[in-house]
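Reviewing the structure listed below.
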Amino acid sequence: MKRILLIEDEKNLALFIELELKHESFAVTKAFDGLSGLKLALEQDWDLILLDIMLPELNGIEVCRRIRAVKPTPIMMLTARDSTQDRVSGLDSGADDYIPKPFAIEELMARMRSLFRRLEMPIDADREIITHRDLYLNLVAHIVTRYGEVIELTKREFAMLAVFMQNPNIVLSRDVLLEKIWGYDTEVETNVVDVYVRYLRNKLDEPNQESLIQTVRGIGYVMR
């Protein structure tokens, strides 16, 4: 039985959605404000979080961002705000889908089934979206975002970041990085790897915070 966390401050609507989901054999837990919803989202494991944007205590965009910083739980936004910018903000904060109110319960169910099918499909590298903490890399769109902000990367920088994100917690030597990014027969010197790592750090890292890409002395680099 799939477990759903519903974070919605309109109690009558929340009850209605809960009854409909239970009728479809989902297990549902409700939260009526952003802070309590965030606590439940982080403390337990869920198959899907249905998250309203306009919430007391902490808005849904911020709830989504904080969840995404530590967990890959699927999130679908529920909101009466349906402008293009609101949709973009919801998706940029890490939501997997977005459905504006008012909606028919049949549409919600259909969107949920579609989302579950996507998540259960075998990963196709050509369509893969890679995540690491609050960093998102879309291999198809060639887009990298952090905290919902697009980070402009060159082709080589993007390729190097993709290699790191596809191999988290694995120490990669300079030779391995050269082979994966420039090719096994490249004449590029290994110190070029150091230069591109520095470029990435300048674009990705936050002031006074540990770098996403760490140096392993005498060996190479690792993304932790």
Side-chain angles (χ1 to χ4, degrees), residues 1-83 85-123 127-138 145-149 168:
M1 179 180 292
K2 292 188 182 297
R3 302 182 69 235
I4 311 295
L5 174 60
L6 173 60
I7 309 175
E8 168 62 66
D9 64 322
E10 296 181 42
K11 293 188 177 181
N12 289 337
L13 176 59
L15 178 59
F16 171 70
I17 294 174
E18 178 188 28
L19 292 174
E20 292 293 333
L21 291 177
K22 285 185 173 179
H23 182 70
E24 297 293 328
S25 299
F26 292 103
V28 182
T29 298
K30 300 190 301 298
F32 301 115
D33 65 77
L35 286 178
S36 59
L38 178 63
K39 186 172 185 292
L40 284 168
L42 297 181
E43 290 180 348
Q44 301 182 40
D45 291 326
W46 308 93
D47 294 291
L48 176 65
I49 297 173
L50 298 176
L51 174 63
D52 186 28
I53 285 185
M54 299 298 290
L55 292 168
E57 306 296 337
L58 193 66
N59 71 65
I61 297 293
E62 185 60 28
V63 171
C64 188
R65 288 197 181 107
R66 295 191 189 186
I67 294 171
R68 273 289 169 269
V70 293
K71 299 183 76 172
T73 311
I75 298 172
M76 182 181 294
M77 290 290 201
L78 312 176
T79 177
R81 302 173 62 186
D82 57 358
S83 73
Q85 185 55 51
D86 290 328
R87 291 175 186 270
V88 170
S89 296
L91 294 172
D92 281 351
S93 68
D96 297 277
D97 202 355
Y98 185 115
I99 183 170
K101 301 174 185 175
F103 52 81
I105 196 67
E106 292 82 7
E107 181 184 4
L108 175 61
M109 295 296 182
R111 297 281 280 274
M112 288 173 60
R113 288 192 294 269
S114 177
L115 178 56
F116 287 137
R117 282 196 299 270
R118 292 204 310 270
L119 295 170
E120 291 164 4
M121 285 175 61
I123 294 175
R127 298 180 299 169
E128 189 175 32
I129 295 176
I130 313 170
T131 64
H132 179 81
R133 300 190 192 175
D134 43 40
L135 197 62
Y136 289 76
L137 184 146
N138 187 315
T145 63
R146 191 177 191 194
Y147 304 122
E149 298 292 328

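- Looking at every heavy atom in both residues, H132 comes nearest to P168 through ND1-CB, 4.4 Å.
- You'll find the side chain of F16 reaches within 4.5 Å of the side chain of I105, heavy atoms only.
- With a 4.5 Å cut-off on side-chain heavy atoms, L42 and K71 count as touching.
- Every residue meeting the salt bridge (charged side-chain N to carboxylate O under 4.0 Å, His left out) condition with D134, not counting sequence neighbours, appears here in chain and number order: R146.
- For the pair D9 and M54, the minimum side-chain heavy-atom distance is 4.5 Å or more.
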Checklist line | Chi angles and distances behind the salt bridge (Lys or Arg N to Asp or Glu O under 4.0 Å) call for K30, E8 | finding: CA-CA 7 Å; K30 300 190 301 298; E8 168 62 66; over 6 Å; no
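- Contact of the I75 side chain with the I67 side chain is registered, since non-hydrogen atoms from C-beta on lie closer than 4.5 Å.
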Next item on the list: May I have the step-by-step check of side chain to side chain contact (heavy atoms under 4.5 Å, CB included) for L55 and F32, ending in yes or no?
Entry: CA-CA 8 Å; L55 292 168; F32 301 115; over 6 Å; no
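- Residues meeting the side chain to side chain donor-acceptor pair (under 3.5 Å) test with E24, sequence neighbours left out: none.
- Under the 4.5 Å side-chain criterion, counting only non-hydrogen atoms from C-beta, F103 is in contact with L78.
- Taking 4.5 Å as the limit, some side-chain heavy atom of M112 sits within range of a side-chain heavy atom of F26.
- For the residue pair A14 and L6, the shortest heavy atom distance occurs at O-CD2, 3.5 Å.
- The shortest non-hydrogen separation linking G60 to M77 is O-CE, 3.8 Å.
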Next item on the list: Any chance you could lay out the side chain to side chain contact (heavy atoms under 4.5 Å, CB included) test for I7 and D52, step after step, and finish with the verdict?
Entry: CA-CA 6 Å; I7 309 175; D52 186 28; over 6 Å; no
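- For E20, there are no salt bridge (charged side-chain N to carboxylate O under 4.0 Å, His left out) partners, not counting sequence neighbours.
- When the side chain to side chain contact (heavy atoms under 4.5 Å, CB included) test is applied to E62, the partners found at least two apart in sequence or on another chain are L58, N59, R65, R66.
- In this structure, the separation between CZ on R111 and CD on E107 is 5.5 Å, given to the nearest 0.5 Å.
- The two residues P74 and R68 make their nearest non-hydrogen contact at CA-NH2, 4.0 Å.
- Remark: of the listed residues L15, L21, I17, L15 is the sole one forming a side chain to side chain contact (heavy atoms under 4.5 Å, CB included) with L19.
- Pairs of residues two or more places apart, or lying in two chains, that qualify as salt bridge (Lys or Arg N to Asp or Glu O under 4.0 Å) and include a residue from residues 31-41 are K39-E43.
- Shown here are the salt bridge (charged side-chain N to carboxylate O under 4.0 Å, His left out) partners of E106, two or more places apart in sequence or in another chain: there are none.
- Shortest non-hydrogen contact noted between A95 and C64 is N-SG, 3.5 Å.
- W46 places a side-chain N or O within 3.5 Å of a backbone atom of L40 that can act as its donor or acceptor partner.
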Item checked: CA sep, side-chain torsions, deciding dist, call: M76, I99, side chain to side chain contact (heavy atoms under 4.5 Å, CB included) -> CA-CA 7 Å; M76 182 181 294; I99 183 170; 4.1 Å; yes
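- A 4.5 Å side-chain heavy-atom check between L50 and I4 finds at least one atom pair inside the cut-off.
- When side chains are defined from C-beta on, R3 counts as touching Q44, because their heavy atoms get closer than 4.5 Å.
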